Amino acid sequence: MDSKYSPQLVEEKIYRGWEEKNLFKATVNKNKKPFSIILPPPNANANLHLGHAMYAYEDIMIRYKKLSGFETLWLPGADHAGFETQFVYEKHLKKEGKSRFDFNRETLYKNIMEFVMNNRSNMENQLKRLGFALDWSRKKFTIDEDIIKAVYKTFKKLSDEGLVYREKRLVNYCTFCGTSFSDLEVVHKEKISSLYYMKYGPFTLATTRPETKFGDTAVAVNPKDKRYKGWIGKEVEVEGLNGKFKLKVVAENSVDPKFGTGVVKVTPAHDFTDFETGKHHNLELKQVIGFDGKLNELAGPYQGLYVNEARKKIVDDMQTKGLIVKIKEDYSHRVGTCYKCGRILEPLPKEQWFVKVRPLAEKAQKLVDKDEIKIVPKKFKKVLLWWLKNFRDWNISRQIVWGIRIPAYHCKTKDDWFISTDKPVKCQICGDCDFQQDTDTFDTWFSSAQWPFATLRVNPSLFDYFYPTSVMETGYDILPWWVARMIMVGVFATGKKPFETVFLHGMVRDRNGQKMSKSKGNVIDPILMIDKYGADALRSALIFGTKEGGDVALSEQKVVGMRNFVNKIWNMGRFIEMNNQVKSQKSKVKSTIQNSKVLKELEKEYKKEKKQYLKYMNSYQFSQALGLVYEFIWHRFADYYIEQLKDEVINGNIEALGGLKEVYLENLKMLHPFIPFVTETVWKVFMGKEKSILNSEL
RNA sequence: GGUCGCUUAGCUCAACGGUAGAGCGCUUCAUUCACAUUGAAGAGGUUAAAGGUUCAAAUCCUUUAGCGACCACCA
């Protein structure tokens, strides 16, 4: 053994060894208890970041359970990440001076598939660099044929049970990205705008969006507002830019008498509140902004102008006509923006597929509330319950190409839709029209929500044995996007909860607790850290001295610190091994009474350590477990016991050496889930090249 | 505006009802020793503030002050 441990020399070889011996391969073994985790599939086309390294928690659980005698499955996958990926691909196209509009649907899809497939193996290799004990023989891709089939089946079932419907509603639409989103994808941002007070027939009203006035179909006031009570139900004539028009005055509770003048113009086609108002009063839906972000023919001379240009021009013209009373320029409010491109989202009326969420959410709520699905750490239980209680219907239609195309078909004769899991040969409504498939694709999260059962169902015996999965481990940031939906959809589709326990980890921050971002320049590349200090060091740096579910401050210094720990482990082994080799050449020396006492103390302290370790590991306190072993092996075992017995051991005292060796090997096993590479490397030195610590028992 | 959480050693954080801990940094000393990616010794904290419960509180409760995250249809 060298005086220094060099992860660079062994990690790759060790991982290959694990794979070749099929140590990560799960089988259906009725003699063992199953333990399974489905890896949250990383985006297929991107490099891993430190957030992915946090999946080390899953590796810790898998290896620990395997050492504890469970049959373990950790199933890897890759996410096609629909819109995310298409967005990245479009950026890539732009560099070549092209855009998505230069290709037909089939070609674009094929090109993106190629683009993704070229990058996928890179991502997978990075997971291997982290040392993850994944069963690669069972890897799945969210856009595999059988996964698509599973997704279609669920969609059909939802539809059959009345939980999916198609409706024209206001959706959050990004006119730049060219697609709608669900509520969850909308990022509300504080913005300073102008609040325009304008003359509106007999009233003055305040609005931030004068350009939508061509779509106004009513004026609303609060029914309790004495100032305007007399106007309710009456029709008023309004002088506009394109001539005079008439509108009804309606009463609406949502109108705040204290805001502005207490009068609101109602634009059902371009405002969520107004859309509701429109429904209450049966108002016409007058769309004046198109999906291209420009005003349409209803805007008369302003047709063809983008929203912002139109607003300016309209305000100018209104001022000329004396229709603007005043402008409050520093008005601060929140607007919905596209989480991807950052532009302001336009509420637009569009026919989309919606999932009726309430019945699904209520079932999920019960499971979580009664701890039938356990949430660790428990603080997230409240958050999850809040979401399950507040979810509204889920828009699952996306106007993009890269994704799973919705298996809904439009009958031209009857102007109606039917859903079919297999490609239909004839119209299932009228029997012989030239029906057409919906051009939209599913929200990626709709398919991701099905991941735990979709990945396993392809193999029924595997599904029976491993489902519900044991733990779902992921970052707390996607609790509503993913975890909540997996529960809702999983229970619906299989009748069983998708997992027993949810374990949530925190976000990785820089040394000052700041968010890592490219613009701040404080991003740490996990692969670079592995190159420099080894995977064991990086992994344990993310776990050591932290609290489960809390954010982790990571610095290169911390990785160095853990590298030192890993090296220390190596050198303890080196000391024992060196004396192990020479022992046969020396005469057998018996222990003194003093040394026997030390050995007994060691045995006692080790037993206490292990008991506590098991307690921590079984209650998901992994950082505590690691800290415990760290403290024991370094500051008790090495600093005290080895030092006490050192002279004896060098003298050839087999008893002392044996005592140290035994405790050392036991500690290697306890450490293996955290620092798999060095523990395996030393294990092989002691037990032989063909042996693996993963085959031992804890 | 709502919800959740945070405030402990210079920095980043553990401990969550029973004598204040770690990592990194700092000070002093020790190298023919498994490891200087080391060891020994040490400095450094009335655990944000106030009140309460308890034999006992960093830990439970209340209030206050800062900070953060997430959510929200104020036109």
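Note that the coordinates shown come from a computational prediction; the quantities given were computed from them, not determined experimentally. To find a chain, count down the sequence lines: A is the first, B the second, and so on, and within it residues start at 1. Keep in mind that the numbers below use all heavy atoms, side chains included, and drop hydrogens, waters and symmetry copies.
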S.K.: What is the pairing partner of B/U31, taking Watson-Crick or G-U wobble pairs with both distances under 3.5 Å in any strand?
M.R.: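 Looking at the geometry, B/U31 pairs with no nucleotide.
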S.K.: What integer number of Å spans the P atoms of B/U19 and B/G25?
M.R.: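 Rounded to whole Å, the distance is 29 Å.
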S.K.: Considering every strand and a 4.0 Å limit on heavy-atom distances, what is the contact class for A/I642: base, sugar-phosphate, or nothing?
M.R.: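 The residue A/I642 makes base contact.
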S.K.: For A/G260 and A/R334, find the nucleotide of RNA chain B closest to each by heavy atoms; which residue's nucleotide sits nearer the 5' end?
M.R.: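 That would be A/R334.
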S.K.: Among B/C11, B/A34, B/A75, which nucleotide sits nearest the side chain of A/H333?
M.R.: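 From the listed options, B/A75 comes nearest.
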S.K.: May I ask which nucleotide in the shown strands pairs with B/A20, Watson-Crick or G-U wobble, both distances under 3.5 Å?
M.R.: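 Result: none.
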S.K.: 5'-most contact on RNA chain B: A/A638 or A/Q624, nearest heavy atom basis?
M.R.: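 Looking at the nearest nucleotide for each, A/Q624 comes out on the 5' side.
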S.K.: Describe the nucleic acid contact of A/W387 in one word from base, sugar-phosphate, nothing, applying a heavy-atom distance below 4.0 Å.
M.R.: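 Sugar-phosphate contact only - A/W387 comes under 4.0 Å of backbone atoms but never of a base.
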S.K.: Which of these passes side chain to side chain donor-acceptor pair (under 3.5 Å) with A/D551: A/K515, A/H505, A/R509?
M.R.: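 That would be A/R509; it is the only one of A/K515, A/H505, A/R509 passing the side chain to side chain donor-acceptor pair (under 3.5 Å) with A/D551.
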S.K.: Looking at A/K610 and A/E666, does any basic side-chain N land under 4.0 Å from a carboxylate oxygen?
M.R.: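 The answer is yes: the pair qualifies as a salt bridge.
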S.K.: Please give the distance between the P atoms of B/U27 and B/U32 as a whole number of Å.
M.R.: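 Taking atom P in both B/U27 and B/U32, they lie 24 Å apart.
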S.K.: Scan every strand shown for a Watson-Crick or G-U wobble partner of B/C4, both distances under 3.5 Å, and answer none if you come up empty.
M.R.: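 B/C4 is paired with B/G68.
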S.K.: Distance check needed: B/A34 P versus A/Y664 OH, whole Å only.
M.R.: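 These atoms are roughly 15 Å apart.
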S.K.: Taking the C1' atom in each of B/G42 and B/U64, what is the distance between them to the nearest angstrom?
M.R.: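 My reading of the C1' atoms in B/G42 and B/U64 gives 39 Å.
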S.K.: Measure from CD on A/E643 to P on B/C33 and round the result to the nearest Å.
M.R.: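 Rounded to whole Å, this separation is 13 Å.
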S.K.: Give A/K646 one of three labels, base, sugar-phosphate or nothing, depending on what nucleic acid heavy atoms sit under 4.0 Å from its own.
M.R.: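 It contacts base atoms.
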S.K.: Between the side-chain atoms of A/R563 and the base atoms of B/U37, is any donor-acceptor pair under 3.5 Å?
M.R.: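 A donor-acceptor contact between them is present.
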S.K.: What's the OH-C1' distance between A/Y476 and B/C6, to the nearest Å?
M.R.: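 Going from OH in A/Y476 over to C1' in B/C6 covers 11 Å.
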S.K.: Looking at every strand, decide which applies to A/D477 at a 4.0 Å heavy-atom threshold: base, sugar-phosphate, or nothing.
M.R.: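 Counting heavy atoms under 4.0 Å across all strands, no contact is made by A/D477.
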S.K.: Below 3.5 Å, does any donor atom in the side chain of A/E252 face an acceptor in the base of B/A75, or the other way round?
M.R.: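 Per atom types, no contact qualifies.
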S.K.: Taking CD from A/Q514 and P from B/C13, how many angstroms apart are they, rounded to a whole number?
M.R.: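 One finds 10 Å between P of B/C13 and CD of A/Q514, rounded.
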S.K.: Name the orientation class of the two ring planes belonging to A/Y476 and A/F380 (parallel below 30°, tilted from 30 to 60°, perpendicular beyond 60°).
M.R.: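 Geometry flag for A/F380 against A/Y476: parallel rings.
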S.K.: Over 60° means perpendicular and under 30° means parallel, so tell me whether A/W387 and A/F391 are parallel, tilted or perpendicular.
M.R.: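 Aromatic pair A/W387/A/F391 classed tilted.
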S.K.: Any side-chain N or O of A/N564 less than 4.0 Å from the OP1 or OP2 oxygen of B/U38?
M.R.: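 Checking A/N564 against B/U38: at least one side-chain N or O falls below 4.0 Å of OP1 or OP2.
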S.K.: Need the pair for B/A36. Rule: Watson-Crick or G-U wobble, both distances under 3.5 Å, any strand; none if unpaired.
M.R.: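 Its partner: none found.
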S.K.: Which listed nucleotide (B/A34, B/A75, B/C71) is nearest to the side chain of A/I650?
M.R.: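 Nearest to the side chain of A/I650 among the choices is B/A34.
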S.K.: Report the distance from atom CZ of A/R311 to atom P of B/A75, rounded to the nearest whole Å.
M.R.: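 For the pair A/R311 CZ and B/A75 P, the rounded distance is 12 Å.
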S.K.: Kindly say if A/K382 contacts the phosphate of B/G5, meaning a side-chain N or O under 4.0 Å from OP1 or OP2.
M.R.: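 Indeed, a polar side-chain atom of A/K382 lies that close.
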S.K.: Over all strands shown, is A/F272 touching base, sugar-phosphate only, or nothing at heavy-atom distances under 4.0 angstrom?
M.R.: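 No contact.
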S.K.: Is the phosphate of B/A15 approached by A/K547 (side-chain N or O, under 4.0 Å from OP1 or OP2)?
M.R.: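 For B/A15, OP1/OP2 do have a side-chain N/O of A/K547 under 4.0 Å.
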S.K.: Aromatic rings A/F203 and A/Y228: how do their planes relate, parallel, tilted or perpendicular, breaks at 30° and 60°?
M.R.: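 Plane angle over 60°, so perpendicular.
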S.K.: Considering only side-chain heavy atoms of A/M578, which listed nucleotide, B/A34, B/C74, B/C11, is closest?
M.R.: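 Nearest nucleotide to the side chain: B/A34.
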S.K.: Taking the six-membered ring of A/F354, is the NZ or CZ of A/R169 close enough (under 6.0 Å from the centre) and on axis enough (within 45°)?
M.R.: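 Yes, A/R169 sits over the ring of A/F354.
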S.K.: Select base, sugar-phosphate, or nothing to describe what A/F565 touches, counting heavy atoms under 4.0 Å on all strands.
M.R.: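 The answer is nothing, as A/F565 stays clear of every strand by at least 4.0 Å.
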S.K.: Take atom P in B/U62 and the same atom in B/G10, then report the distance between them in whole Å.
M.R.: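 Between the two P atoms, the distance is 30 Å.
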S.K.: Find the distance A/K515:NZ to B/C67:P and express it as a whole number of Å.
M.R.: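 Those two atoms, NZ and P, are 18 Å apart.
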S.K.: Can you tell me the pairing partner of B/U54 across any strand shown, Watson-Crick or G-U wobble, with both distances under 3.5 angstrom?
M.R.: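 Answer to the pairing question: none, since B/U54 forms no Watson-Crick or G-U pair.
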S.K.: Once you round it to whole Å, what is the distance between C1' of B/C70 and OH of A/Y339?
M.R.: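 Result: 17 Å.
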S.K.: Classify the side-chain pair A/E548/A/S623 by whether it contains a donor and acceptor separated by less than 3.5 Å.
M.R.: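 There is no such pair between these side chains.
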S.K.: Look at all strands and tell whether A/E631 reaches a base, only sugar-phosphate, or nothing, counting heavy atoms closer than 4.0 Å.
M.R.: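 Answer is nothing: A/E631 stays at 4.0 Å or more from every strand.
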S.K.: If you draw the axis of the six-membered ring of A/Y640, does the NZ or CZ of A/R636 fall within 45° of it and under 6.0 Å from the ring centre?
M.R.: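 Geometry flag: set, cation within 6.0 Å and 45°.
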S.K.: Check every strand shown and say whether A/V266 touches a base, only sugar-phosphate, or nothing at a heavy-atom separation below 4.0 Å.
M.R.: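 Here A/V266 touches no strand at all.
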S.K.: To the nearest Å, give me how far apart CG (A/N390) and C1' (B/G2) are.
M.R.: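 Rounding to the nearest Å, CG of A/N390 and C1' of B/G2 are 10 Å apart.
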S.K.: With a 4.0 Å cutoff (strictly under), does any side-chain N or O of A/K568 reach OP1 or OP2 of B/G39?
M.R.: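 Yes, because at least one side-chain N or O of A/K568 sits under 4.0 Å from OP1 or OP2 of B/G39.
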S.K.: Out of B/U12, B/A40, B/A75, which has the shortest distance to the side chain of A/D639?
M.R.: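 The listed nucleotide nearest to A/D639's side chain is B/A40.
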S.K.: Using the C1' atoms only, state how far B/G2 lies from B/A15, rounded to an integer number of Å.
M.R.: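 To the nearest whole Å, 32 Å.
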S.K.: Could you tell me how far B/C26 sits from B/A69 if I compare only their C1' atoms? Round to whole Å.
M.R.: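 These two C1' atoms come out 34 Å apart once rounded.
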S.K.: Between B/U12 and B/U7, how far apart are the P atoms? Round to whole Å, please.
M.R.: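 One P to the other, the span is 12 Å.
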S.K.: If you only use heavy atoms from C-beta on, which nucleotide in B/A34, B/U37, B/C24 is closest to the side chain of A/M572?
M.R.: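 Comparing B/A34, B/U37, B/C24 against the side chain of A/M572, the answer is B/A34.
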S.K.: Tell me which nucleotide among B/C71, B/G23, B/C73 gets nearest to the side chain of A/R392.
M.R.: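 Side chain of A/R392 sits closest to B/C73.
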S.K.: Please report the distance separating the C1' of B/G5 from the corresponding atom of B/A48, rounded so that it comes out in whole Å.
M.R.: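 Roughly 16 Å separates the two C1' atoms.
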S.K.: Can you tell whether the side chains of A/K265 and A/D216 come within less than 4.0 Å, N to carboxylate O?
M.R.: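 A/D216 and A/K265: salt-bridged.
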S.K.: If you check the A/N571 side chain, which of B/A75, B/G23, B/C35 turns out closest?
M.R.: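 Nearest nucleotide to the side chain: B/C35.
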S.K.: Which part of the nucleic acid does A/Y630 contact within heavy-atom distance under 4.0 Å: base, sugar-phosphate only, or nothing?
M.R.: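 Here A/Y630 touches the backbone only, sparing every base.
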